[in-house]
There are 2 protein chains.
Amino acid sequence: MKIDPDSPADLSAQIAGAIRDAIVDGTLIVDERLPSEAELAEHFNVSRPTVREALKRLAAQSLIRTQRGATGGAFVNRLSFEAAYPQQITTSTLLLSMNAVKFETACEARYALERACAPLSAERRTPDHLATMRAEIHRQGQPGLTDEAFCASDVAFHRALVDGACNPVLSYQLAGAVEAMQPLMNMITFTARSRSRIVEIHTAIADALEEHHGLKTQEALSSLEQETQALATSVFEAKARAASE
Amino acid sequence: MKIDPDSPADLSAQIAGAIRDAIVDGTLIVDERLPSEAELAEHFNVSRPTVREALKRLAAQSLIRTQRGATGGAFVNRLSFEAAYPQQITTSTLLLSMNAVKFETACEARYALERACAPLSAERRTPDHLATMRAEIHRQGQPGLTDEAFCASDVAFHRALVDGACNPVLSYQLAGAVEAMQPLMNMITFTARSRSRIVEIHTAIADALEEHHGLKTQEALSSLEQETQALATSVFEAKARAASE
DNA sequence: GTTTTCTAATTGTCTGGCATTTGAAAGGCA
DNA sequence: TGCCTTTCAAATGCCAGACAATTAGAAAAC
């Protein structure tokens with residue numbers, strides 16, 4: 001692990017990179033303790049604050065955790081799917097909002113990916129997954145639900161669908177696509193009629209999964225995509241009209 | 001933006017969180033300049049090193065960039081898909097290796113997601129995408145190619161397939177699934193026969209995309225999945241036998 | 001043998017300072 | 001006036017040293 005003090009990059013970034021590489025290529029293994037900040041400072045020939053900045057960079061990516069006290073120090077984290085979720089969702093959300101991704105594009109990606117989960121979910125979904133979906137459907141039918149709460153419930157429903165595939169890699173990759181849509185969905189005001197239509201399709205999805213019917217699930221998802229796209233189009237057109245008046 | 005000095009969490013983590021929230025909810029907009037480190041230190045009632053640690057955390061997530069000099073400072077980054085790719089790939093790779101995800105599980109997720117792209121890619125792929133795929137197929141047929149180079153070419157081929165959908169959200173989400181598989185694939189030694197079989201299926205995929213045939217593309221991808229799974233199984237079994245002797 | 005106290009190690013934070021970079025203003029020159 | 005050079009000030013990058021807070025283990029007291 002060497003760094004170049006004449007490089008244009010920050011020393012702390014170089015040090016963070018060196019340690020990250022060591023973690024990725026297996027030189028540093030999970031739960032291994034890194035040298036203390038003072039030792040790292042000596043090793044890299046920099047000051048302790050610089051080492052600390054490097055360690056904070058790694059901590060921000062959940063690659064390490066720190067612990068105070070006599071036997072404390074920085075330890076290589078076992079990067080869990082649970083820990084990676086929020087990061088993934090924050091990044092995806094910002095990508096959508098900062099790059100002005102069209103609702104249409106994000107929606108298309110989301111439903112394409114969900115359809116990919118459908119056959120697996122139809123095969124493996126547990127009664128728990130079904131129960132979650134039914135509960136969310138019930139909630140979505142409640143009158144007086146705010147649009148935001150409706151969207152949140154929608155996300156929970158789709159999360160259950162994806163988790164039904166019992167493949168953590170899929171769940172992780174999908175988390176970004178599904179959750180990041182929520183801010184976009186929140187721009188939509190749902191009429192009672194569109195809500196009931198969505199609840200209807202959600203019911204069809206749950207039914208299809210219950211009878212282990214992957215194809216039917218995919219078809220229902222496609223209907224839901226069309227419905228969502230149409231709804232978004234009409235809402236955005238109405239807003240555009242209102243703005244131009 | 002307030003922080004609680006009595007919280008168990010690090011001050012730098014709290015400050016980073018406060019600024020991150022401001023970026024996510026739009027209080028801070030792209031390319032906006034944050035207050036200087038000294039001003040932030042005063043605002044949060046902490047010292048400059050603490051502020052710096054917070055800023056490094058944000059920089060590690062590409063949320064801000066810093067610039068030295070008279071008009072320098074920390075600026076909110078426009079998080080681009082390109083910048084998010086490496087992060088996504090590093091995280092996905094570590095998730096697979098650290099959680100001992102089975103080859104089978106990762107492979108299943110990857111091909112499920114790729115099949116999701118197939119119909120869109122069949123519809124929208126440009127001649128450029130096709131040319132990339134054909135070029136990689138050609139490379140894969142070259143004798144004397146190392147297993148690693150073969151895998152890298154395989155990844156490039158599949159990247160082109162995914163990019164063919166012309167949906168940046170899909171490309172981003174898939175990058176993790178496709179690239180993170182590479183270390184797992186590198187554990188496989190490809191015989192000449194298995195290589196030619198893979199090249200054959202790749203050709204079928206390219207052909208199907210060329211004639212805008214989504215279903216055929218999906219079917220070819222399913223064959224490829226089966227082929228890959230079978231190959232992996234035999235390789236791992238051989239290794240297990242060799243180890244037990 | 002158990003509880004309490006002490007101690008050493010380590011991270012968390014602060015103060016103060018210097019080095020480096022960089023844009024912009026001030027000044028000089030044609 | 002217009003262009004070039006110099007100077008300056010603001011900001012980040014980095015360092016040295018110190019103290020506070022936390023924690024586990026060792027030592028001491030009971």
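Reminder, nothing fancy here: chain letters follow the sequence lines and each chain counts from 1.
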What is the distance, to the nearest angstrom, from the CZ atom on B:Phe44 to the P atom on C:dG12?
19 Å

Can you tell whether the side chains of B:Arg139 and B:Glu136 come within less than 4.0 Å, N to carboxylate O?
yes

Select one nucleotide: of C:dG12, C:dC14, D:dC14, the one nearest the side-chain heavy atoms of A:Leu11.
D:dC14

Looking for any heavy atom pair under 4.0 Å, which part of the strands does A:Arg65 touch: base, sugar-phosphate only, or nothing?
nothing

So, is B:Thr71 near the phosphate of C:dA24, with a side-chain N or O under 4.0 Å from OP1 or OP2?
no

So, is B:Ser12 near the phosphate of C:dG12, with a side-chain N or O under 4.0 Å from OP1 or OP2?
no

Side-chain N or O of A:Ser47 closer than 4.0 Å to phosphate OP1/OP2 of D:dC15
yes

Given atom CZ of A:Arg33 and atom P of D:dT23, what is their separation to the nearest angstrom?
15 Å

Taking for A:Gly69 and for A:Pro49 the nucleotide of DNA chain C with the nearest heavy atom, the one nearer the 5' end belongs to A:Gly69

Presence of A:Arg68 side-chain N/O under 4.0 Å of D:dA24 phosphate oxygens OP1/OP2:
no

Can a donor-acceptor pair under 3.5 Å be found between the side-chain atoms of A:Arg48 and the base atoms of C:dT13?
yes

Begin with the C-alpha distance, continue with both residues' side-chain angles, and end with the deciding distance and a verdict on side chain to side chain contact (heavy atoms under 4.5 Å, CB included) for B:Ser12 and B:Arg57.
CA-CA 8 Å; B:Ser12 70; B:Arg57 294 178 112 107; 2.8 Å; yes

Report the distance from atom CD of B:Gln67 to atom C1' of C:dT20, rounded to the nearest whole Å.
14 Å

Verify the distance criterion only: is there a donor paired with an acceptor across the side chains of A:Thr126 and A:Asp128 at less than 3.5 Å?
no

Just how far, in rounded Å, is P of C:dT13 from CG of A:Leu55?
13 Å

Measure CD/B:Glu37 against P/C:dG16 and give the value in whole Å, please.
17 Å

Rounded to whole Å, the CD-C1' distance (A:Glu42 to D:dG17) equals 16 Å

May I ask you to verify if any side-chain N or O of B:Thr50 is less than 4.0 angstrom from the OP1 or OP2 atom of C:dG12?
no

Closest nucleotide of DNA chain D for A:Ala70 versus for A:Asp10: which of these residues is on the 5' side?
A:Asp10

B:Ile64 CD1 to D:dA11 P, in whole Å, measures 16 Å

Any chance you could measure A:Phe190, atom CZ, to A:Gln140, atom CD, to the nearest 0.5 Å?
9.5 Å

Any idea which of D:dT12, C:dT15, C:dT11 is nearest the A:Arg52 side chain?
C:dT11

B:Glu53 atom CD is separated from D:dG13 atom P, nearest whole Å, by 14 Å

Is it the case that B:Glu39 and B:His43 place a side-chain donor and acceptor less than 3.5 Å from each other?
no

